[in-house]
Protein chains: 2
Amino acid sequence: MATIYEVSKLAGVSLATVSRVLNNSASVSEKTRTKVNQAMKQLDYKPNAIAKSLASSRSDCIGILVGEFHGPFYGTMMGGIEKEFRAANKHIVVTASHCDLEKEKEDIEFLISRNCDALILHVEAVSDEYLINLAQGKTPIYVINRYIPQIADRCICLNNELGGYIATKTVLEHGHRDILYIAGPKVKADARERLAGHYRALREFGIAPDVEREYFGDYMQTGGYAGMQHFFDKDLPVSAVVCGNDEMANGAMSAIREHQLDIPNDISVVGFDDVLFSSYTHPKLTTIEYPIAQMGKMAAQLVLQDVYKQGECTTPHMFEPKLVSRDSLSSV
Amino acid sequence: MATIYEVSKLAGVSLATVSRVLNNSASVSEKTRTKVNQAMKQLDYKPNAIAKSLASSRSDCIGILVGEFHGPFYGTMMGGIEKEFRAANKHIVVTASHCDLEKEKEDIEFLISRNCDALILHVEAVSDEYLINLAQGKTPIYVINRYIPQIADRCICLNNELGGYIATKTVLEHGHRDILYIAGPKVKADARERLAGHYRALREFGIAPDVEREYFGDYMQTGGYAGMQHFFDKDLPVSAVVCGNDEMANGAMSAIREHQLDIPNDISVVGFDDVLFSSYTHPKLTTIEYPIAQMGKMAAQLVLQDVYKQGECTTPHMFEPKLVSRDSLSSV
DNA sequence: TTGTAGGCGTTATCAC
DNA sequence: GTGATAACGCCTACAA
């Protein structure tokens, strides 16, 4: 691997000059510029990003922290972020922390130690205080799906409670009263918020929340399936089931079908997130839109604006959940 | 940010000694070791991965190249790789090249310039020669889903042609003769291979391939949906449709249902990949298993073995596709 | 067991 | 406009 030094020798100039044409900073005469460029071509010179990063303490890299690599939600989020950054010639380095406190901390430190110019975090386990403190540091952070008042300008989020409220309220407005709820993991704040919204809608209709009628799944198909089985075993009256996310709704639908019941005529199903496959389930899933691609895009734009002084971002930080009416919810 | 230098001063030892306890290399007396550790704690010292990488020309990072960030296939692949590496305390840097020649090359150079210790590539656009040449370089590469004889020991792949053959052969054995094929993008080698397998099965049953009965989609739900619409418009007799992957099968199923036809009684559907959601479609999708998580895991093990001298990997490089019989295929 | 010193490939601050 | 020359933070022979 040729270095800047060899280029400088071959071009008969100094290191500094090569560096200048590399970053086309300062003024370099057209003559020397072409000389240097030729030398670089001749040696097939490729700049060493690590060395550059060490010397400049910048990396043109943005660190991303997600829960998992798989799954339609995080995939869409990463896609939204990456698209925006690629257009700006920035790279992303992604790590998945599996919603584990130690891993989240480790991964954050890893990204910082790699000189990331900024961090975009979708974290669950770490405390608000930790993030507030982290935000004081040298590396700017942006938080997706979590609202922390002290660093509100760094948060991009959706009103999960409202989404949960809308979902259950819609079901109630369709006349359902025997409603089951398959929630996400208790450890996840968004799962708890959505559940809180569910409670609010229930109470508004004079129904007391009932632990018998809720189940905590894993936000995956298996969880929805298991939850539905759990309810069937208890033999509870049911006309609708509201799920903490679309994957679980998908799993629940599968279980319902295996019990020879029709969706939505026997049991209605509502999801949350509106991930891609939800337009292709049978029946098509009624759900709450979570514009995660846009939110990822916005986070990227914020970084571009704040850190790289490119473009500007005027999107509001708080997104509103919206009902997506399809075919899995019917009136009773 | 405290540096190794400040730690050395506070601990009253030399830089080298601090470095030693950091990498717990060589022998350091228990006394000095604790002295140094205390100093590090006191200063909240965090090693700078960039500097370490520059000095050692290693990074404990493995570069991964995928087609896209979203989608169940790549998501599962990344997950399989990451899980293995995390256990070994290695990190991954992922980029998505969108099946574009220039982007693939750029991304590979990026990963190399970041001192990745190895590369795991799922690339489409780049030529065999390019990869063979790349393999000569300093950074070891491993290629998923592509067989290149000259670097066979670096390839981890599935026999796509055989998979395509099995899919269509199975359909034929169920008595179907009016078969449609929704292929992946022509530019993707695996799509072409699967199609070739489809042809082979057809011929084996004395049926001449017919361009009228094939459609090239985008490997996404939209492509399957559009393909099915296309066929409906042409009003071809059909009793089964074989798809290049599960997403397209999912889209095709959606289109079939919208035409008030039953799956599998009116039209059977077969997919390819066996991604997660395929066990939860309605009806459950009959498909060809593509063990991408295991293949990712194996690629990671190869890297661990070859590059880091940890563990050993004896899995064969060529995986065999297998039929997964579920409910979307019936006999005619 | 510990310390010294040169080097990794760039950037950036000075002078000239 | 161009060239020395310190950094950047760490590793690693080589000595001691």
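Keep in mind it's a predicted model, so treat the numbers as computed, not measured. Each chain gets a letter, A, B and so on, in the order the sequences are listed, and its residues count up from 1.
One finds a salt bridge joining B:Asp44 and B:Lys46 here, because a Lys/Arg side-chain nitrogen approaches an Asp/Glu carboxylate oxygen to under 4.0 Å. Here A:Asp60 pairs with A:Arg58 in a salt bridge; the nearest charged N to carboxylate O distance falls below 4.0 Å. Between A:Asp218 and A:Lys188 no salt bridge is recorded (no basic side-chain N to carboxylate O distance below 4.0 Å). In summary, A:Arg146 and A:Asp128 engage in a salt bridge, as defined by a charged side-chain N under 4.0 Å from a carboxylate O.
At C:dC8, none of the side-chain N or O atoms of A:Thr3 fall inside 4.0 Å of OP1 or OP2 (strictly under the cut-off). Contact annotation: A:Tyr5 side-chain N/O to D:dT5 OP1/OP2 distance is not under 4.0 Å. Of the side-chain N and O atoms in B:Thr17, none sit less than 4.0 angstrom from OP1 or OP2 of C:dT2. Contact between the side-chain N/O atoms of B:Ser14 and the OP1/OP2 oxygens of C:dG3 is found at a separation under 4.0 Å.
Per the geometry, CZ belonging to B:Arg20 stands 16 Å off P belonging to D:dC10, to the nearest Å. Atom CG of A:Asn115 and atom P of D:dA7 are 19 Å apart (whole Å). For the pair B:Arg58 CZ and D:dT12 P, the computed distance is 8 Å after rounding to whole Å. Rounded to an integer number of Å, the gap from NZ of B:Lys31 to C1' of C:dT2 is 14 Å. Atoms CD (B:Glu30) and P (C:dT2) sit 10 Å apart, rounded to a whole Å. In this structure, A:Leu15 places its CG atom 14 Å from P of C:dA12, rounding to the nearest Å. In this structure, CG of A:Asn24 is placed 12 Å from P of C:dT11, rounded to the nearest angstrom. Atom C1' of nucleotide C:dT10 and atom CZ of B:Arg114 are separated by 13 Å, given to the nearest angstrom.
Nearest-nucleotide positions on DNA chain C place A:Met1 closer to the 5' end than the other of A:Met1 and A:Ala16.
Residues from residues 46-56 of chain A lying near DNA chain D, meaning a heavy-atom separation below 4.0 Å, are A:Leu54, A:Ala55 in numerical order.
Using a 4.0 Å heavy-atom cutoff across all strands shown, A:Val18 reaches no nucleic acid atom at all. Counting non-hydrogen atoms under 4.0 angstrom, B:Ser57 reaches nothing in the nucleic acid.
Two rings, from B:Phe85 and B:His91, have their centers 6.0 Å or more apart.
Relative orientation of the B:Phe73 and B:Tyr290 rings is perpendicular, given thresholds of 30° and 60° on the angle between their planes.
Side chain of B:Thr3 to backbone of B:Tyr5: a donor-acceptor contact under 3.5 angstrom is found.
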